[in-house]
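Taking it in order: structure first as structure tokens, then the write-up.
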Amino acid sequence: MTPTRTFKVVRAVLLLAFAAYFFVPLIAMLDFSTQARGSTEGRTWDNWQFMVTDEDLRSSIIASLLLALFTVVLMVALLVPTMVWVRLRVPRARGLVEFLCLLPLTIPALVIVVGISNVYSWVTYLLGDSPLVLTFAYVVLVLPYSYRAIDAALSAIDVATLAEAARSLGAGWFTVIARIVLPNITGGVLGAAFISVALVMGEYVFASLLHFDTLPVAMAGIYRSNPAAAMAAALASMLFVALLLVGLTFLSRDRHRHDQGAS
Amino acid sequence: MVGAFQDGDGRPTLGNLDALTSDAALSALKGSLVLSATTALIGAALGALLAYLVVSLPSQSLLRRTTLAISGVLAQFGGVVLAFAWIATIGSVGIVTKAMSDVLGVDIYGSGWLFDLPGLVVVYAYFQIPLMVIVFAPAFEGLRPQWREAAVNLGASTWDYWRHVALPLLTPAFLGALLLLFANAFAAYATAAVLVSQGQPIVPLLIRQAITSEVLLGQANVGFALALEMIVVVTIVMVAYNLLLKRTSRWMR
């Protein structure tokens, strides 16, 4: 069926309308963030510089980036060995692990916060009140997404054969996981890391309700005194996250292509 | 590890459940349900339309792939940044507000509707529509051209095809996506938290008030009760979703 001409015109108009709805707010943010302060005319990048010059904002950006890094490291350290182990030794537990990993997806984040606010008063008591203690909560939060990415990568390779070959050549379990399995699932792990970073950079619910100064919380705070700078920071973080997510789609497309090539 | 966190979840006494029937809690629940239902319906309708437009493009078209990629990004997009984006657009000094008053002399800012329920509907649609596109586009792609050819061969008009073949096939997928969008809107918090600073029109904001209140002590347990209420609603939705998913997968292979 070739589309008729009328249909093509209608389609173009509608697509433009959707594009306007989705892009006008982003352009508005750019416009807002480059406005000079006060009623003076003209454009300025001062608000963008504010991200580096302002003490609070800068420290919150660093906190968010470190949080993202720690979350990814802890997530990989926990998830990869567990999933490999389950696949090789206790296949019966796979359903359970999958259920546990996907659970945070169905429970609203807000509800989890309410649940762990008591736990966190202990955590901050024991480990100090640096925002980095949020790592533990964020690992749970990114579990569903990372699980899917890593599970897809593990399904694509023959873990059992690889592990047996390595074991029969005298490798220990650590070597098997770190030097045999991990290099084979780099794509999946990278994908999991990307989406984790994206989630952590934008996470507001946990940080604000548990009173930690991460980037989104700082943005919301600064908005009251300097809206334009908050807009600039928001747009910058949005672009960063968008870049990661677009990279993710390219990663998964490459993987598909490899799959097709192999089969 | 997840289980450890869930244990901290409230073990509410009946007293806290009583708080759920208070006026504030009931109106917040109503607000939440109305908001989620409205944005789910708007998101599902417009998202399905956009999905159809995109799928009708040739499969190698750059526009089609870009739209799907952008949808993937925007569906994850929410929270503080989204709230800011809309304040910059139709807030009191937003560019659309200014353009409208300059060109048409219309004041679309009004009395600050952006910062209440109607505003939340517009803002939530921003991530609901892309989510619908990525959830629902595969359903359109699953409609095989052969089915249409078969219908046409049997003498069906375009209308007959949509009425008797495509729509019945798409309905379960559509309803499933609708439920997913409902749960998504129901659970969203950050955007509303930044936009709405006065009053508690929806349940998540009432929970915020309960657990961060400095005026009323001992409200934390009410927060637990409200959280339980949210779990109940989401569980119902997710169970229904899974039932529909089973029905959908019969055709969408």
Side-chain angles (χ1 to χ4, degrees), chain A residues 1 3 7 11 14-15 18 21-22 24-33 78 100-101 103-104 106-119 136-137 139-140 143 195 198-199 202-205 208-209 216-217 219-220 223 227 230-231 234-235 237-238 241-242 245-246 248-249, chain B residues 1-10 46 49-50 53-54 56-57 63 67 69-70 72-74 76-89 93-96 126 129-130 145 148 183 186-187 189-190 193-194 204 207-208 211-212 220 223-224 226-228 230-231 234-235 238:
Chain A
M1 294 286 292
F7 178 72
R11 180 170 75 188
L14 285 176
L15 281 177
F18 274 113
Y21 176 76
F22 286 113
V24 165
L26 300 181
I27 297 166
M29 272 174 102
L30 182 64
D31 174 75
F32 202 105
S33 69
L78 276 178
L100 281 181
C101 286
L103 204 55
T106 49
I107 303 175
L110 184 61
V111 172
I112 305 183
V113 178
V114 174
I116 68 170
S117 54
N118 291 335
V119 181
F136 301 111
V139 168
V140 177
L143 269 184
I195 195 141
L199 285 173
E203 212 290 324
Y204 177 76
V205 186
S208 75
L209 289 176
V217 178
M219 282 188 317
Y223 176 72
M231 292 281 177
L235 193 58
S237 78
M238 147 94 200
V241 167
L245 292 176
V246 169
L248 187 71
T249 56
Chain B
M1 192 153 173
V2 181
F5 284 117
Q6 250 88 64
D7 278 343
D9 230 78
L46 292 178
L49 176 65
L50 183 55
L53 294 176
V54 169
S56 72
L57 293 163
L63 185 60
T67 318
I70 292 177
V73 174
L74 290 183
Q76 296 286 341
F77 182 43
V80 186
V81 182
L82 182 61
F84 283 177
W86 281 97
I87 292 174
T89 313
V93 288
I95 57 169
V96 174
Y126 195 89
I129 295 175
R148 180 163 200 161
F186 195 77
Y189 162 79
V194 176
I207 296 183
R208 166 178 75 171
I211 63 174
T212 61
F224 287 149
L226 287 167
L228 189 73
M230 281 186 83
I231 295 185
V234 172
T235 312
M238 289 324 267

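Every heavy atom of this structure was used, including side-chain atoms; hydrogens, water molecules and symmetry mates were not. Proteins come first, then strands; the chains are lettered A, B, ... in the order of their sequence lines, and each starts at number 1. Keep in mind that what you see is a predicted model, and the values were worked out from it rather than measured.
Put simply, the side chain of A:Tyr21 gets close to the backbone of B:Tyr126: a donor and an acceptor are under 3.5 Å apart. A distance-only check finds a donor-acceptor pair linking the side chain of A:Arg11 to the backbone of B:Ser56 [under 3.5 Å].
Expressed to the nearest 0.5 Å, how far CE of A:Met29 lies from CG of B:Leu82 amounts to 8.5 Å. Interatomic distance, OG1 of B:Thr67 versus CG of A:Leu15, reported as 6.5 Å (0.5 Å rounding).
Contact count against chain A (heavy-atom pairs under 4.5 Å) is highest for B:Leu53 among B:Leu53, B:Ile70, B:Leu63, B:Leu49.
Heavy atoms of B:Leu46 lying under 4.5 Å from chain A belong to its backbone as well as its side chain. Contact of B:Leu57 with chain A is made through backbone and side chain together, with heavy-atom distances under 4.5 Å. In this structure, chain B has no heavy atom under 4.5 Å from any part of A:Ala198.
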Step-by-step side-chain contact (heavy atoms from CB on, under 4.5 Å) determination, A:Phe22 to B:Ile129: CA-CA 10 Å; A:Phe22 286 113; B:Ile129 295 175; 3.8 Å; yes

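Here the shortest heavy-atom pairing between A:Ser237 and B:Val81 reads OG-CG2, 3.7 Å. Between A:Pro25 and B:Trp86, the shortest heavy-atom contact is CG-CZ2, 3.7 Å. Heavy atoms only, all atoms of each residue included: B:Ala88 and A:Ala28 are closest at O-CB, 3.5 Å.
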